[in-house]
J.: 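First the structure, then my questions, so here it is.
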Amino acid sequence: MAKAKDTGEKTKKKKQSIVQRVMFGNDNKPDLTPEKMNVSKWAQFKNLFFGRFGTIVALNLLTCLFALPAVAVLVLFYMNKTIGNGFIPYSSNFGIGYPVITDAARLGEVMTFTYNLYEFALLVPCLAVFALGVAGNLYVMRKLIWEEPTRTFKDFFRGIGKCWLPAIFMGIVFGLTLLLFEFSLGYFDAYRLSVSVKILCIVLSSILLAFMILFTAFFMTQNAAFKMRPMVLIRNSLLFVLGTNVQAILFVGIGIAPVFLMFIPGITMLLAMLYMFLGFSYSTLVISLFCHHCYEKFLYDKIDRTSTAYAKRGNDISDDGGERPAQQKKRAPTQYKNPKKRKKSIDEGASITPLAPTFRREDLERLEKEHERVLAESDDELGELDDDDIDLPDSAVNADGAAETSADDAAKDVRDESDATEDK
């Protein structure tokens with residue numbers, strides 16, 4: 001008995017290495033029950049961020065691969081602007097520097113503005129490439145939120161294959177929005193134009209940038225969660241932004257909060273390490289949970305469950321909720337039947353009432369009338385068949401004639417027997 005207990009305890013507890021626990025979680029934890037799965041979004045965030053920490057890190061590293069072109073552009077232009085600023089003698093107005101440049105400050109502003117425009121113009125295709133990685137990240141996040149089995153590497157690239165076209169489109173549009181925002185920031189300073197027009201353009205471009213951040217969040221998460229047409233994606237994203245503007249600003253701001261660390265000087269390396277391992281996955285997890293909360297609140301009740309965009313076909317789902325067999329899905333087309341030419345069943349039409357053992361003359365008269373009614377209906381049916389140009393075989397005609405003769409003989413015999421009984 002003691003050995004049996006020892007073996008039972010050994011089978012219950014599995015030894016796992018640190019790498020296995022980080023990548024796949026702890027197998028010794030109890031399974032999730034339906035009561036535990038119906039939790040709040042905050043509890044779901046803690047469960048996914050800390051319970052699936054290895055998956056979060058792996059997803060972030062895969063997303064960083066698609067961010068490398070944008071990072072390369074940012075680093076190269078930062079070095080170029082730093083070197084270019086060293087060659088401009090900003091102190092030449094005080095008589096120092098050779099050759100003397102009369103308006104070095106304005107020249108530096110124009111050069112910085114030109115470099116920024118080139119930088120953000122090159123960032124447009126780089127952001128389109130980065131959007132592919134974000135699409136794969138959001139696809140895996142959707143499977144984690146919906147408690148579906150996932151394979152991080154395989155599902156990441158499967159999500160890119162399913163969502164690549166809308167993701168590229170959204171990356172280009174967002175990159176152009178950033179380019180317009182940068183243009184409004186530097187253009188009026190570089191060419192000393194009206195300050196009031198500068199303030200107005202900066203305000204409008206800032207509102208447009210905030211709107212595009214919210215729109216992109218809803219657009220990308222819907223693209224990863226549902227199969228929708230492009231115009232439906234755009235319309236739904238616009239409605240979500242207008243309907244949840246305050247909440248969306250709050251939660252999307254929490255999702256992209258690590259970006260604001262760049263305004264703190266001296267922590268560039270810390271920010272780079274944070275985004276290399278956790279930054280992108282943290283943002284996609286927070287934004288995905290908020291967007292799925294909005295879908296549960298506004299979208300799911302409006303979905304047509306029979307539509308192929310959201311669910312299986314109605315014919316593929318049986319009454320008990322399971323899926324029908326494959327042979328029952330496709331049915332052969334039924335042939336059209338004209339109701340006017342419907343053939344009567346053998347149970348339809350006039351019938352003959354059987355005689356009782358003690359019958360009277362009234363019963364015989366009723367029997368004769370019923371027999372005539374049956375013969376009249378049979379003649380009508382034969383007339384309909386003649387109208388349809390259907391030729392009956394001779395055997396059928398002979399059978400009908402024989403049946404009619406036998407029916408007449410039977411009625412005659414019954415009548416003779418009734419007369420004989422009356423004479424007696």
J.: Of all residues at least two apart in sequence or in a different chain, which pass the side chain to side chain contact (heavy atoms under 4.5 Å, CB included) check with Ile267?
T.: Leu261, Ile264, Leu270

J.: Take Ile213 and Ile249 through the test side chain to side chain contact (heavy atoms under 4.5 Å, CB included) and record every step on the way to the result.
T.: CA-CA 9 Å; Ile213 291 174; Ile249 291 173; over 6 Å; no

J.: Report yes if some heavy atom in the side chain of Leu238 is under 4.5 Å from a heavy atom in the side chain of Phe211; otherwise report no.
T.: yes

J.: To the nearest 0.5 Å, how far apart are CZ in Phe219 and CE in Met212?
T.: 9.0 Å

J.: Please report the interatomic distance CG(Asn236) to CE(Met231), rounded to the nearest 0.5 Å.
T.: 11.0 Å

J.: Do any N or O atoms from the side chain of Asn116 and from the backbone of Thr112 form a donor-acceptor pair under 3.5 angstrom?
T.: yes

J.: To the closest 0.5 Å, what do you measure between CG (Leu289) and CZ (Phe49)?
T.: 12.0 Å

J.: Can you name the nearest heavy-atom pair linking Leu271 to Pro258, along with the distance?
T.: CD1-O, 3.3 Å

J.: Any chance you could measure Glu182, atom CD, to Leu209, atom CG, to the nearest 0.5 Å?
T.: 11.0 Å

J.: Please examine the side chains of Leu176 and Leu180, heavy atoms only from C-beta on, and report whether any two atoms are closer than 4.5 Å.
T.: no

J.: Check the angle between the aromatic planes of Trp146 and His292 and answer parallel, tilted or perpendicular using the 30° and 60° thresholds.
T.: perpendicular

J.: Please report the closest heavy-atom contact between Ala131 and Met220, naming both atoms and the distance.
T.: O-CE, 3.6 Å

J.: Is there a side-chain contact between Tyr282 and Val286 in this structure, where contact means two heavy atoms from C-beta onward sitting under 4.5 Å apart?
T.: yes

J.: For a 4.5 angstrom cut-off between non-hydrogen side-chain atoms, does Gln44 reach His293?
T.: no

J.: Using atom types as modelled and distance alone, determine if a side-chain donor or acceptor of Ser184 lies under 3.5 Å from a backbone N or O of Ile202.
T.: no

J.: Do any N or O atoms from the side chain of Tyr275 and from the backbone of Cys64 form a donor-acceptor pair under 3.5 angstrom?
T.: no

J.: Is a side-chain N or O of Ser281 found less than 3.5 angstrom from the main chain of Phe277, in a donor-acceptor match?
T.: no

J.: Measure the CG-CE distance between Leu48 and Met141 for me, rounded to the nearest 0.5 Å.
T.: 7.5 Å

J.: With Lys162, which residues qualify under salt bridge (Lys or Arg N to Asp or Glu O under 4.0 Å), at least two apart?
T.: none

J.: As a quick check of understanding, evaluate side chain to side chain contact (heavy atoms under 4.5 Å, CB included) for Tyr118 and Thr114, giving each step before the final call.
T.: CA-CA 6 Å; Tyr118 288 156; Thr114 305; 3.6 Å; yes

J.: Side chains of Thr177 and Phe181: closer than 4.5 Å at any heavy-atom pair?
T.: no

J.: With side chains defined as the heavy atoms from C-beta onward, is the minimum distance between Phe45 and Ile145 less than 4.5 Å?
T.: no

J.: Hey, does the side chain of Asp155 reach the backbone of Val140 with a donor-acceptor pair shorter than 3.5 angstrom?
T.: no

J.: Step by step, work out the side chain to side chain contact (heavy atoms under 4.5 Å, CB included) result for Phe120 and Leu127.
T.: CA-CA 10 Å; Phe120 280 86; Leu127 288 176; over 6 Å; no

J.: Looking at every heavy atom in both Ile160 and Leu132, which two are closest together, and how far apart are they?
T.: CG1-O, 3.2 Å

J.: Do Cys294 and Phe218 touch side chain to side chain, with heavy atoms closer than 4.5 Å?
T.: yes

J.: In this structure, which one of Phe174, Phe280, Phe66 forms a ring-ring contact (aromatic ring centres under 6.0 Å, His included) with Phe130?
T.: Phe280

J.: Could you walk me through whether Tyr295 and Phe240 pass ring pair (Phe, Tyr, Trp, His ring centres under 6.0 Å), step by step?
T.: CA-CA 9 Å; Tyr295 302 154; Phe240 276 122; 5.4 Å; yes

J.: Could you walk me through whether Met170 and Val134 pass the side chain to side chain contact (heavy atoms under 4.5 Å, CB included) test, one step at a time?
T.: CA-CA 11 Å; Met170 202 66 245; Val134 175; over 6 Å; no

J.: If every non-hydrogen atom of Thr221 is compared with every non-hydrogen atom of Ser288, which pair is closest and at what distance?
T.: CG2-OG, 4.1 Å

J.: Tell me whether the count of non-hydrogen atoms from other residues, nucleotides or ligands lying under 6.0 Å of CZ in Phe157 goes above 12.
T.: yes

J.: Calculate, to the nearest 0.5 Å, the distance between atoms OG1 and CG belonging to Thr244 and Leu250 respectively.
T.: 11.0 Å

J.: If I compare all heavy atoms of Leu61 with all of Met276, which pair ends up nearest, and what's the gap?
T.: CD2-O, 3.3 Å

J.: Hey, are the side chains of Phe188 and Ser194 touching, using non-hydrogen atoms and a 4.5 Å cut-off?
T.: no

J.: Can you name the closest pair of heavy atoms from Ser237 and Gln222 and give their distance?
T.: OG-NE2, 3.0 Å

